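Since this is a predicted model, take the numbers as computed values, not measurements. Letters A, B, ... are given to chains in the order of the sequence lines, protein chains preceding strands, and every chain is numbered from 1.
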2 protein chains.
Amino acid sequence: MIESVVTHNHQPIIYTVIHDAHEHAHNLTDWQQHYDQISAGEFYGQIIERPFEDLQVFKEHTSQALSQSCLVWPDSIWLGISPQLQGKQNQSKINGLSLNSNDIMCRPGNIEFELTTPDAFDIYGLVISRDKLLNQANKQGVELNWQDILHNERLSIPDNTLSAINFLLARLLNHNATDSHGTPDHLTQDLIHMGLLEIFSKESPNQTVHTSYQHRKSIVDRARDYLHQHHERAITLSELCEACHTSRRTLQNSFESILGLSPIQYLRYTRLNGVRRDLKQAKTGETIGDIAARWGFWHLGQFAKDYKNVFGELPKETLK
Amino acid sequence: MIESVVTHNHQPIIYTVIHDAHEHAHNLTDWQQHYDQISAGEFYGQIIERPFEDLQVFKEHTSQALSQSCLVWPDSIWLGISPQLQGKQNQSKINGLSLNSNDIMCRPGNIEFELTTPDAFDIYGLVISRDKLLNQANKQGVELNWQDILHNERLSIPDNTLSAINFLLARLLNHNATDSHGTPDHLTQDLIHMGLLEIFSKESPNQTVHTSYQHRKSIVDRARDYLHQHHERAITLSELCEACHTSRRTLQNSFESILGLSPIQYLRYTRLNGVRRDLKQAKTGETIGDIAARWGFWHLGQFAKDYKNVFGELPKETLK
DNA sequence: CTAATATTTGCCATAATTTGATAATGTGTT
DNA sequence: AACACATTATCAAATTATGGCAAATATTAG
């Protein structure tokens with residue numbers, strides 16, 4: 001991991017690079033995050049972050065598909081803007097809802113939400129305190145629609161607004177774009193505030209929800225609860241169906257539409273990630289076999305093979 | 001209200017008759033109940049109850065359809081046996097699940113459950129402490145299937161077992177059946193214990209659950225929450241649909257299959273029952289108009305007409 | 001109380017979803 | 001590497017949800 005803090009005459013830029021999804025999840029200042037890697041290949045993650053007063057701006061790159069659980073600090077609003085949704089639409093989901101190419105994501109602080117992101121994913125993030133945002137809105141005479149913001153995770157933004165915002169953020173956060181670093185902080189902040197207000201005044205909530213969403217979401221939630229409670233045991237699909245009072249086929253449809261994975265894939269990835277977490281902080285004396293068994297892996301040969309396939313290294317290498 | 005306690009040389013028999021569903025709900029010793037009357041006509045209710053040590057046996061008659069919310073004391077098991085389900089099957093529901101003619105109802109203590117009962121309904125009730133039941137089962141070498149008992153509200157019982165139990169209970173609880181009153185208590189209790197064990201050894205859970213049940217139940221639950229939170233305001237059907245993220249027709253189907261009432265019927269009955277409750281315990285100075293308005297009734301003429309139609313008396317008569 | 005208006009319900013055709021059987025594929029085990 | 005077993009894909013049939021419309025019912029105004 002390389003971590004460099006470039007200090008100019010103003011706020012620092014924090015730059016982190018990391019090769020593990022779990023560690024990467026902790027590198028965003030003041031966020032509580034939990035990442036599970038759900039595609040095969042060595043992970044590479046990078047964050048460029050600029051903290052201001054009451055305002056956080058960052059760019060995040062993640063090389064592998066992830067299932068993220070995120071929580072921002074209270075009394076704030078987060079916006080997530082992915083510059084390359086066009087190509088990868090329908091692969092990113094927030095709370096199980098697919099994004100259209102012109103959608104940005106929006107969630108208030110202190111409420112957990114889930115993100116499913118594909119491999120080779122880039123996203124800009126903006127977090128601002130609610131009070132600050134309200135102040136700015138008042139000052140500029142912009143009316144904010146809190147109902148939209150609080151109840152819709154996806155906001156559709158017109159093309160030109162979106163590209164303007166993307167340009168602004170790119171200028172601010174590209175590591176090589178030194179030109180922006182000469183700008184005084186207060187001017188940069190003003191620019192961002194204007195951008196935010198522009199977004200909120202042009203936004204219209206994306207309410208395209210399939211009728212099946214509610215039902216499928218509730219099935220997946222129940223299934224995940226159940227799997228979580230029994231993570232040390234081998235759960236069969238039929239058992240899970242009974243626990244969720246549903247049929248195999250519906251369980252599968254639900255998982256695929258909400259998480260983009262089949263139930264068993266989800267189960268396997270969750271467990272492999274669990275093992276990896278435990279391996280990273282294993283006490284001396286704990287064996288790989290112990291830890292693997294805690295997560296329901298009984299056949300170490302097969303396990304090691306799968307583990308290496310996903311994380312690019314063998315369990316014993318993780319254990320150091 | 002007539003209440004007579006007939007004392008013999010052993011346990012008393014408690015006999016209550018009442019003309020109001022809400023009061024009736026409180027007359028079962030040690031139960032927490034909340035009844036809403038959901039059919040039109042003057043209410044008449046009757047309970048015959050025999051309390052024993054660790055065991056309660058009763059018969060209940062209710063003249064009007066009811067939506068009941070029930071809670072038995074902790075560490076107990078309740079059985080509900082309706083002798084006339086044959087004719088009225090599909091009209092009685094427990095937690096929104098319809099009963100077949102050979103089903104009895106079963107719920108553990110300390111867990112709230114809901115009953116929908118038709119007009120002119122009779123039911124026998126048996127409550128026994130868990131420990132007592134386990135003791136008896138051990139003593140008789142009967143194995144109890146706790147999973148069935150805890151997770152299934154409906155147990156199917158063979159015809160002959162059912163009639164035997166019905167006969168036993170009728171003998172015990174028919175007001176005129178004086179012959180049983182000569183039997184010493186401990187013998188009666190033994191008979192009941194044997195009956196219970198017979199039931200639990202012959203029982204097979206009724207797991208006929210329509211696939212739509214889960215979904216519809218959750219819609220109805222959400223809808224009721226919403227209605228409960230806004231009981232003082234007039235809620236329109238479309239508003240409720242939005243709140244529940246569902247369509248008009250689906251909301252209606254859900255209510256009809258879970259509660260046996262349309263959403264608006266449910267709403268009206270709930271409110272009329274609410275007013276009646278408040279009227280019964282109104283402070284001096286409160287007017288009918290005040291109380292009615294609290295429950296969303298703005299047109300007193302219409303309200304009085306509906307109220308009389310359901311409860312058989314005008315609001316002012318209830319107010320005393 | 002009655003008439004005018006609005007809401008709700010029942011019914012229907014259509015669309016969407018769920019289901020279960022079977023075939024194909026993948027996984028764990030020896 | 002090969003077997004047995006479990007999972008996933010495919011498809012047609014069954015179930016369920018939806019929305020329009022007309023009839024029934026309820027609300028409001030006079």
Side-chain angles (χ1 to χ4, degrees), chain A residues 40 208-220 223 227 234-242 244-269 271-272 292-293 295-307 309-310, chain B residues 40 208-220 223 227 233-242 244-269 271-272 292-293 296-307 309-310:
Chain A
T208 342
V209 182
H210 282 226
T211 52
S212 54
Y213 173 74
Q214 291 282 337
H215 192 205
R216 289 178 170 179
K217 184 75 162 57
S218 83
I219 288 177
V220 171
L227 292 177
I235 302 289
T236 165
L237 248 201
S238 349
E239 182 186 344
L240 194 55
C241 292
E242 282 209 17
C244 298
H245 303 290
T246 192
S247 72
R248 259 183 270 254
R249 208 56 192 71
T250 300
L251 191 79
Q252 194 178 327
N253 286 337
S254 302
F255 266 78
E256 282 168 0
S257 73
I258 299 292
L259 295 172
L261 293 172
S262 71
I264 292 296
Q265 277 181 315
Y266 173 80
L267 182 59
R268 195 199 321 289
Y269 275 119
R271 288 188 167 155
L272 284 173
W295 289 93
F297 293 106
W298 295 96
H299 299 271
L300 290 186
Q302 186 71 33
F303 161 70
K305 190 177 133 203
D306 294 346
Y307 188 96
N309 177 249
V310 173
Chain B
T208 340
V209 182
H210 282 221
T211 52
S212 55
Y213 173 73
Q214 292 282 337
H215 191 207
R216 290 179 169 181
K217 184 75 161 60
S218 82
I219 288 177
V220 171
L227 292 177
R233 200 160 55 77
I235 302 290
T236 165
L237 247 200
S238 347
E239 182 187 344
L240 194 57
C241 292
E242 282 207 17
C244 298
H245 304 291
T246 191
S247 75
R248 268 182 279 254
R249 217 51 197 68
T250 300
L251 191 79
Q252 193 179 328
N253 288 335
S254 302
F255 266 79
E256 282 168 0
S257 73
I258 300 291
L259 295 172
L261 293 172
S262 71
I264 293 296
Q265 279 182 315
Y266 172 80
L267 182 59
R268 195 199 321 290
Y269 275 120
R271 288 188 168 156
L272 285 173
F297 292 106
W298 295 96
H299 299 272
L300 292 187
Q302 188 68 33
F303 161 69
K305 188 177 137 202
D306 294 346
Y307 187 95
N309 177 250
V310 172

Quick one: [X] [atom1] to [N] [atom2], roughly how many Å, whole number?
| X | N | atom1 | atom2 | result |
| --- | --- | --- | --- | --- |
| A:L267 | C:dG28 | CG | P | 10 Å |
| B:L300 | C:dC1 | CG | C1' | 17 Å |
| B:H245 | D:dA17 | NE2 | C1' | 17 Å |
| B:F255 | C:dG10 | CZ | C1' | 18 Å |
| B:L237 | C:dT8 | CG | P | 4 Å |
| B:E239 | C:dT7 | CD | P | 12 Å |
| B:I235 | C:dT7 | CD1 | C1' | 15 Å |
| A:N253 | D:dT16 | CG | C1' | 15 Å |

One character per nucleotide, please: for nucleotides 20-30 of chain D, 5' to 3', B when the base has a protein heavy atom closer than 4.0 Å, S when only the sugar-phosphate does, - otherwise. ------SSS--
Which atom pair, heavy atoms only, marks the closest approach of B:C241 to B:S247? SG-C, 3.8 Å
Can you check whether [X] has a side-chain N or O nearer than 4.0 Å to OP1 or OP2 of [N]?
| X | N | value |
| --- | --- | --- |
| B:S254 | D:dA17 | no |
| A:H215 | C:dT18 | yes |
| A:Q252 | D:dT7 | no |
| A:S247 | C:dT18 | no |
| A:S212 | C:dT17 | yes |
| A:T236 | D:dT7 | yes |
| A:T211 | C:dA16 | no |

When you measure from the side chain of A:Q265 to the backbone of A:S262, do you find a donor-acceptor pair of N or O atoms at a distance under 3.5 Å? yes
Hey, which of B:N253, B:I258, B:T246 is the one that makes side chain to side chain contact (heavy atoms under 4.5 Å, CB included) with B:I219? B:T246
Between the CD1 atom in B:I235 and the CD1 atom in B:I264, the distance rounded to the nearest 0.5 Å is 9.5 Å
Find the distance between CG (B:L240) and CG (B:L227) and round it off to the nearest 0.5 Å. 5.0 Å
Should the pair B:E242-B:R248 be classified as a salt bridge under the 4.0 Å nitrogen-to-oxygen rule? no
What contact category does A:Q214 fall into here, base, sugar-phosphate, or nothing, at under 4.0 angstrom with non-hydrogen atoms? nothing
Tell me what B:E256 touches on the nucleic acid: a base, only sugar-phosphate, or nothing, going by heavy atoms under 4.0 Å. sugar-phosphate
Can you tell me how the ring of B:H215 sits relative to the ring of A:H215, calling it parallel under 30°, perpendicular over 60° and tilted otherwise? parallel
